[in-house]
Visitor: 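The structure that follows is given in the form of C-alpha cells.
What's counted below: heavy atoms across the whole structure, side chains too, no hydrogens, waters or symmetry copies. Each ligand, and each atom within it, is numbered from 1 in the order the structure gives. Because the structure is a prediction, the values reported are computed rather than measured.
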Amino acid sequence: MSKLIAAGAIQGARAMVEKAREALEKAIAEKGEDFKFEFVDTAFYLPMIYAMTGFPVKTLADMKTALGFAEELLHESPGSETWLPYLGEALDSGMGMLFAEEIWLAARTVLGLEPAVDPETGYVYNGFITDTIQRNLGIQLVDGTMPGFAVIIGAAPDDDTAVKIARELQEKNILTFLCGNVNGNSVTKQLLRKGVELGWDSRIVPLGPDVEHALYAADWAIRASLIFGGKKPADFKAHLLYQKDRVFAFAIVLGPLNDTIWATGAGAINMGFPAIADTDIPVIHPTGVCIYEEVDKELDHSRIVQKAIEVRGLKIVVEKPPIPVAYGPAFEGERIRKEDMFIEFGGQRTPAFEWVRMREMDEVEDGKITVVGDNWKQQFEAGGKMPLGIIIDVAGRKMQKDFESVIERKIHHGINEAQGLWHMGQRDLNWIRINKAAKSAGVTLEHLGSIFTTMLRYKFRSIIDKVQVTIYTQEDEVKKLLEDARKSYKERDERLGSLTDETVDTFYSCLLCQSFAPSHVCVISPERLGLCGAYNWLDGKAAYEIDPTGGNQPITKGSLLDSRYGRYSGIDDYLKKASGGAVESLNLYTIMENPMTSCGCFECIVAIIPEANGVMLVQRGHQGMTPAGMKFSTLAGSVGGGMQTPGFMGVGRNFITSRKFLAGDGGLKRVVWMTKNLKESLREALTQRAVEEGVPDLLDKIADEDACEDSEKLLEHLAKVGHPALEMDPMI
Ligand code: SF4
Ligand code: ZN
C-alpha cells in the first residue's frame with residue numbers, strides 16, 4: 001500500500017476522532033450525558049458500531065464509550081524511515097474513522113444540524129437512511145433491478161460531466177449516493193443546477209455536503225447483513241465478509257483527495273468497497289480485501305463508471321427499447337405534473353384499457369405495431385387527452401393462458417421506465433401520461449408499441465416467441481373492445497379464484513432473497529404469496545418456465561402430514577435442501593410452530609399478543625408503537641435473517657385476506673389489532689372474509705392505533721367490543 005495513502009488514512013482518522021469528540025462534548029453540554037439518542041427509524045442504534053462491536057449506543061454517555069473504541073483503532077503515522085507494512089494499520093484507522101464519523105453525525109443530529117441543509121439553496125439532504133427504506137429496497141436488491149450502489153464524493157469538473165455520470169449510473173440501474181464537496185461545489189449542486197430530479201425515486205440520493213456523510217451509505221450497507229443476513233452484532237468478520245460478497249458498492253471520488261477521504265476510503269475498503277478517483281493518485285492493486293483492485297484511477301470521465309463497475313466485479317445487462325428517451329428503473333418514480341404534461345389517456349378521463357392476449361403462433365406477426373385511428377402526432381396541442389386501447393398479442397410454444405396477467409402487469413414498469421412517460425393502474429383502470437419533453441424528443445404512440453415488443457420479448461424470452469401490438473384511439477372502437485377485454489379479465493379472475501392450495505399439486509419456491517438471507521425460502525402456494533408481496537403462485541410458475549434453473553423452483557407437495565397446520569412431506573424435503581439444512585419442517589398455516597422464515601423485505605409483520613389471545617398486524621413504514629411493545633423497526637429486527645421465529649412472521653399484505661391466513665390458529669378472528677392503513681387498504685376483501693368467518697363486524701372489533709397502542713388498553717378495548725379472540729382456544 002502506498003505510504004501516502006496509509007499516512008493520509010491514519011491522520012484523517014486521528015483528526016476525525018477529535019472532531020467527533022468536540023461535537024459530542026457540545027451535545028453533552030447542551031443536553032446532558034443521559035440524553036437518549038436514536039437515529040430516526042432504526043432498530044440498530046448506531047448501526048456501524050453496533051454491527052462491529054455489539055455495543056448499543058443509547059445515550060450520549062454511550063457515545064463517549066464508543067468513541068473510546070474508535071480511539072483504540074488509531075495508529076501513529078508511519079515515520080519517514082518505516083516503509084512496510086501499512087495496510088493493517090490503515091484498515092484499522094479506516095474502521096476507527098467510520099466509528100468517529102458515526103458519532104460525529106449522531107452528535108450533530110442531537111444538535112439539530114442533521115439532516116444538513118444547504119445554506120444557499122435551502123436544499124435538505126437525505127441524512128440518515130431509515131430501516132424502512134432499507135427494507136423497501138430489499139426486493140430490488142435481490143431481483144437484479146438494482147445491481148449495485150455508488151457513492152460519489154466531491155464535484156465533477158463541470159455540471160455537464162456531473163449529469164453524464166449520474167445518467168450513466170441511472171441507466172445502469174445503480175443506486176447513487178452523493179456527498180462531499182470541492183471548495184463548496186458538489187455533484188448535488190451540479191445536478192440541482194441542471195434540473196436533474198434527486199431523491200429515492202430517481203435513485204440519486206444526496207446524503208450531505210461533507211465527505212463524512214458517506215458514512216450514512218456505509219451505515220445503510222452494514223444493515224443489510226444485520227437485516228437480511230441475520231449476522232449477529234459483534235461478529236465483525238461475518239459482517240465484513242457479507243459486505244464484500246453481497247453488497248456491491250463502490251465509491252467514485254471526483255476532485256482532489258484529502259486525509260478525510262483517504263480515511264473514509266480505508267473504512268470502505270474494510271467492507272470490500274473499492275474507490276475510483278478521477279485524479280492521478282497512487283493506486284492499490286493487491287486483491288483479497290476487495291474483489292479486485294482497492295483504489296484505482298480513471299482520468300477519463302466517460303470511462304469512470306465503467307471502470308468502477310469492472311473493479312467491483314459487477315455484471316450489468318441492460319436491455320433498452322429503441323425509443324428517443326432514456327430508459328431504466330431509475331425513471332420509474334418520476335411523476336408528471338399537469339403543467340408538464342403533453343397528453344394523457346385513461347385515468348377516468350377517457351376510455352382506456354390494456355390487455356394481453358394469448359394467440360396462436362400464426363395469428364401474431366412478430367414486432368408489428370399498428371396505430372388504428374388518429375395519431376396524436378397530428379392533432380393535439382399540449383394538455384390534450386385521448387382514448388387509448390392497447391392490445392398486446394403474444395404467442396409462444398411455452399406460453400400459457402395463465403401467464404397473460406403476469407405479462408400484463410409488466411406493462412406498468414415497461415412504460416414507467418421510459419423517461420417522460422408515466423403509468424398507473426392496470427386493466428381498464430389504467431392511466432398514462434406523456435410529458436412535453438418526451439414529446440419534443442420525438443416520442444410517438446408507436447414507441448409505446450416498441451417498448452412492449454422489445455421488453456416483453458426480452459423479459460419473457462423463453463415463453464414468448466412473438467409479440468404484436470395494436471393501439472386504438474377512436475372512442476367508439478376503444479369502448480367496443482373494452483367489453484371484450486372485460487370479459488377476459490373476468491374469466492381470468494374466476495380461474496384465479498378457483499385456484500386453492502388443495503387443487504394444485506405443485507407449489508413454487510422463491511429463492512431470490514437467498515442472495516441476502518441465505519437460509520430463507522418463500523414457499524408460494526395459490527393461497528399464499530411471497531412475503532414481499534411481489535410474487536404470487538402464477539408469477540412463480542411463469543418465472544420457472546422462463547428460467548428453469550432460476551430463483552423459482554417447483555415443489556411437489558407430496559402427502560399431507562397435517563391438514564390443520566398445512567404441513568406437506570414434499571415441502572419439508574425440499575426445504576431441508578433449499579435452506580441448507582436451516583429449516584427442517586414448515587407449517588404453512590400457523591404462526592406458532594415452524595412458521596415460514598422471514599428474509600427482511602416483508603410487507604407486514606404478524607406478531608402474537610399472548611395476553612390478548614390473538615395477533616397484531618403492522619405494515620412496513622408504520623412509525624408508531626404497537627401493542628407488542630415494539631415499533632415495526634424493532635419487531636422487524638427480531639423477525640428477519642432467514643430464521644423461523646414462532647409467534648412472529650413476515651407476510652405479504654394480500655396474504656392477510658387469504659382463507660389460509662393463520663387458518664390453523666383460528667384465522668382472521670385471531671387478529672386483535674391492525675393499523676388503520678391496513679384496514680383501509682384491505683377493507684373490501686377483509687369485510688368479505690369477516691362475513692365468511694361469521695363475524696361480519698369483525699373489522700370494527702379489531703383495534704387500531706386510534707383505539708390503543710399498548711396491550712393494557714387493547715385488552716380493555718377487546719372486552720368492550722366483545723372480540724371473538726377472547727372466546728377462542730388459548731394460543732399458547
Ligand atoms: Fe424474497 Fe420471498 Fe419475495 Fe422471493 S417472494 S423476492 S424470496 S421475499
Ligand atoms: Zn426478501
Side-chain angles (χ1 to χ4, degrees), residues 131-147 173 220-221 223-231 242 246-247 329 406 409-410 413 459 501 506-555 571 574-575 577-580 582-583 586 588 595-606 619-621 632-633 635-645 648-656 658 660-661:
D131 286 6
T132 302
I133 288 176
Q134 169 77 282
R135 287 174 196 284
N136 286 347
L137 293 175
I139 261 293
Q140 304 178 45
L141 305 182
V142 300
D143 72 3
T145 47
M146 199 180 271
N173 306 335
W220 175 74
R223 267 173 293 162
S225 35
L226 286 162
I227 290 178
F228 300 105
K231 301 291 171 242
Y242 183 99
R246 296 173 192 272
V247 180
V406 176
R409 267 197 288 141
K410 294 283 177 216
H413 298 284
K459 285 206 164 92
D501 289 4
T506 307
F507 293 169
Y508 289 89
S509 66
C510 186
L511 305 171
L512 284 179
C513 283
Q514 287 199 344
S515 56
F516 281 92
S519 61
H520 173 70
V521 181
C522 270
V523 175
I524 304 178
S525 71
E527 293 178 272
R528 180 169 191 169
L529 78 172
L531 53 85
C532 58
Y535 293 87
N536 64 26
W537 186 80
L538 280 180
D539 295 315
K541 191 174 169 203
Y544 173 65
E545 289 294 335
I546 292 163
D547 181 6
T549 59
N552 296 93
Q553 293 294 316
I555 313 176
I571 294 178
Y574 176 84
L575 279 178
K577 277 182 264 143
S579 70
V583 181
L586 170 75
L588 278 169
M596 188 99 84
T597 56
S598 301
C599 41
C601 44
F602 31 77
E603 286 188 296
C604 305
I605 292 177
V606 193
Q619 84 281 4
R620 181 169 69 206
F632 178 88
S633 53
L635 268 173
S638 54
V639 179
M643 289 168 305
Q644 289 180 312
T645 323
F648 299 88
M649 187 163 68
V651 295
R653 200 175 261 262
N654 285 338
F655 180 50
I656 299 168
S658 160
K660 293 295 195 292
F661 174 72

Visitor: Taking only heavy atoms of Gly530, which atoms of ligand 1 are found under 4.0 Å from at least one of them?
Guide: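 Selected atoms, number and element: 5 (S).
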Visitor: Who pairs with Pro554 by side-chain contact (heavy atoms from CB on, under 4.5 Å), at least two apart in sequence or on another chain?
Guide: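 Checked Pro554 against side-chain contact (heavy atoms from CB on, under 4.5 Å); matches are Thr506, Tyr508, Tyr544.
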Visitor: What I want to find out is whether Asp539 reaches Arg409 closely enough, with some N-O distance under 4.0 Å, to be called a salt bridge.
Guide: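 Between Arg409 and Asp539 there is a salt bridge, with a charged N closer than 4.0 Å to a carboxylate O.
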Visitor: Does any N, O or S atom in Cys599 come within less than 2.8 Å of atom 2 (Fe) of ligand 1?
Guide: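 Not a single backbone or side-chain N, O or S atom of Cys599 is under 2.8 Å from atom 2 (Fe) of ligand 1.
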Visitor: Using a 4.0 Å cutoff against the non-hydrogen atoms of Leu531, which atoms of ligand 1 qualify?
Guide: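 Every atom of ligand 1 under 4.0 Å from some heavy atom of Leu531: 8 (S).
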Visitor: Donor-acceptor pair, distance only, cut-off 3.5 Å: does the side chain of Arg620 make one with the backbone of Phe602?
Guide: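 Yes, because the side chain of Arg620 sits within donor-acceptor range (under 3.5 Å) of the backbone of Phe602.
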Visitor: Any idea which of Gly642, Ser515, Cys522, Cys532 brings a heavy atom closest to atom 2 (Fe) of ligand 1?
Guide: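 Looking at heavy atoms only, Cys522 sits closest to atom 2 (Fe) of ligand 1.
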Visitor: Might you work through the side-chain contact (heavy atoms from CB on, under 4.5 Å) test for Thr597 and Gln644, ending with a clear yes or no?
Guide: CA-CA 5 Å; Thr597 56; Gln644 289 180 312; 3.6 Å; yes
Visitor: I'd like to know whether NZ of Lys660 has more than 12 heavy-atom contacts from other residues, nucleotides or ligands below 6.0 angstrom.
Guide: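 Enclosed.
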Visitor: Taking 2.8 Å as the cut-off, does an N/O/S atom of Cys513 lie below it from atom 1 (Fe) of ligand 1?
Guide: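 Checking Cys513: at least one N, O or S atom is under 2.8 Å.
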Visitor: Atom 4 (Fe) of ligand 1 to Cys510: any N/O/S contact under 2.8 Å?
Guide: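 Cys510 does place an N, O or S atom closer than 2.8 Å to atom 4 (Fe) of ligand 1.
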